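These numbers come from a predicted model, not from an experiment.
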Amino acid sequence: GVRMRMEGREEMQGAVGLRCTWDIPPPAGTQAKWVRLNVGGTVFLTTRQTLCREQKSFLCRLCQGEELQSDRDETGAYLIDRDPTYFGPILNFLRHGKLVLDKDMAEEGILEEAEFYNIGPLIRIIKDRMEEKDYTVTQVPPKHVYRVLQCQEEELTQMVSTMSDGWRFEQLVNIGSSYSYGNEDQTEFLCVVSKELYNSPNGLGSEPSHKAKV
């Protein structure tokens, strides 16, 4: 009878273990916990739980296998014809809820994939980040460069008309006549002109007009 009691206890322990896991209803169409995805030729290994973080996403529907009958490769991985470069950050976002990008990775690329996989929270994060970036770029005020040119009255119109591209006429200061030719007074002027230099992201001032460079 001792052995019977032992077996009985083992059975009970097994049952208790099972009952704990039944508290969480298994998602529909559950197979193994691990899922292989073949994205554009690169294989990613993840769990069903990760893929189903975002219930409405294509990836969640894919691994529940309800609506989407996806092709699989010879290893049984789901085949997805998308760029694998951007899939890593998307999978990591589902794992820990943060968007982590390499500095040379285009946010537009991630956005495109987030929209394809239909991951709502990630789409919002990227759009916010892109708007923020646009905002900071436009916030850089242009620098003004000023030049003061001295000329005589008769040279004035010629000088203003031949002012090079991008320079803007600001102010004219009459400094009176400094010397006279015979009895004709030549009035001297100081002509103030300005030009805007825009800061480009690499820190070098770039001129707004391209004509000046040609």
query: Considering residues at least two apart in sequence or located in another chain, which fulfil the side-chain hydrogen bond (donor to acceptor under 3.5 Å, both in side chains) criterion with R147?
result: none

- request: Check ring pair (Phe, Tyr, Trp, His ring centres under 6.0 Å) between F169 and all other residues, then give those that pass, not counting sequence neighbours.
  value: none

task: Could you list all the salt bridge (Lys or Arg N to Asp or Glu O under 4.0 Å) pairs where at least one residue sits in residues 80-91, not counting sequence neighbours?
output: R82-E113

- request: Dump the intermediate steps for side chain to side chain contact (heavy atoms under 4.5 Å, CB included) on K195 and H144, then the final yes or no.
  value: CA-CA 6 Å; K195 184 173 195 169; H144 280 83; over 6 Å; no

message: Suppose the criterion is salt bridge (Lys or Arg N to Asp or Glu O under 4.0 Å): which pairs have a residue in residues 89-106, not counting sequence neighbours?
response: none

field: Contact summary for W34 and T46, nearest pair of heavy atoms
entry: CE3-O, 3.3 Å

- prompt: Within a strict 4.5 Å, meaning less than it, do heavy atoms of the L91 and P89 side chains meet?
  reply: no

statement: All heavy atoms of F189 vs all of I175, minimum pair found to be N-CG1, 4.2 Å

message: Contact between Q150 and E188 at the side-chain level, heavy atoms closer than 4.5 Å - yes or no?
response: yes

task: Using side-chain hydrogen bond (donor to acceptor under 3.5 Å, both in side chains) as the criterion, list what pairs up with R168, not counting sequence neighbours.
output: E170

message: Whether the side chain of R53 engages the backbone of L94 through a donor-acceptor N/O pair (distance < 3.5 Å, no angle test) should be reported.
response: yes

message: For L51 versus S57, what's the shortest heavy-atom pair and its separation?
response: O-OG, 3.7 Å

field: Enclosure of Q49 CD (heavy-atom neighbours >12, cutoff 6.0 Å)
entry: no

message: Would a single hydrophobic cluster contain both V43 and V35, if residues Ile, Leu, Val, Met, Phe, Trp and Tyr are joined by side-chain heavy-atom contacts under 4.5 Å?
response: no

- prompt: Is any side-chain heavy atom of M130 less than 4.5 Å from a side-chain heavy atom of E108?
  reply: yes

statement: Between the CG atom in L79 and the CZ atom in R36, the distance rounded to the nearest 0.5 Å is 11.0 Å

query: With side chains defined as the heavy atoms from C-beta onward, is the minimum distance between I80 and N38 less than 4.5 Å?
result: no

- prompt: Tell me the side-chain hydrogen bond (donor to acceptor under 3.5 Å, both in side chains) pairs involving residues 116-129, sequence neighbours left out?
  reply: E107-R129

- prompt: With sequence neighbours excluded, what pairs up with T50 under the side-chain hydrogen bond (donor to acceptor under 3.5 Å, both in side chains) test?
  reply: T47

statement: Residue set satisfying side-chain hydrogen bond (donor to acceptor under 3.5 Å, both in side chains) with E54, at least two apart, ordered chain then number -> none

Shortest non-hydrogen contact from G109 toward Y86: CA-CZ, 3.7 Å

task: Please name the pair of heavy atoms, one in I125 and one in F93, separated by the smallest distance, quoted to 0.1 Å.
output: CD1-CE1, 3.5 Å

Residue pair F87 / N92, side-chain heavy-atom distance below 4.5 Å: no

- line: Rounding to 0.5 Å, atoms CG (L37) and CZ (F44) come to a distance of 8.5 Å

- prompt: What closest approach, in Å, do I110 and L99 show between heavy atoms, and which atom pair accounts for it?
  reply: CG2-CD1, 4.3 Å

- request: Test side chain to side chain contact (heavy atoms under 4.5 Å, CB included) on V192 and S194 and set out the steps.
  value: CA-CA 7 Å; V192 183; S194 76; over 6 Å; no

message: Once side chain to side chain contact (heavy atoms under 4.5 Å, CB included) is applied, do any residues pair with E132, and if so which ones, sequence neighbours excluded?
response: none

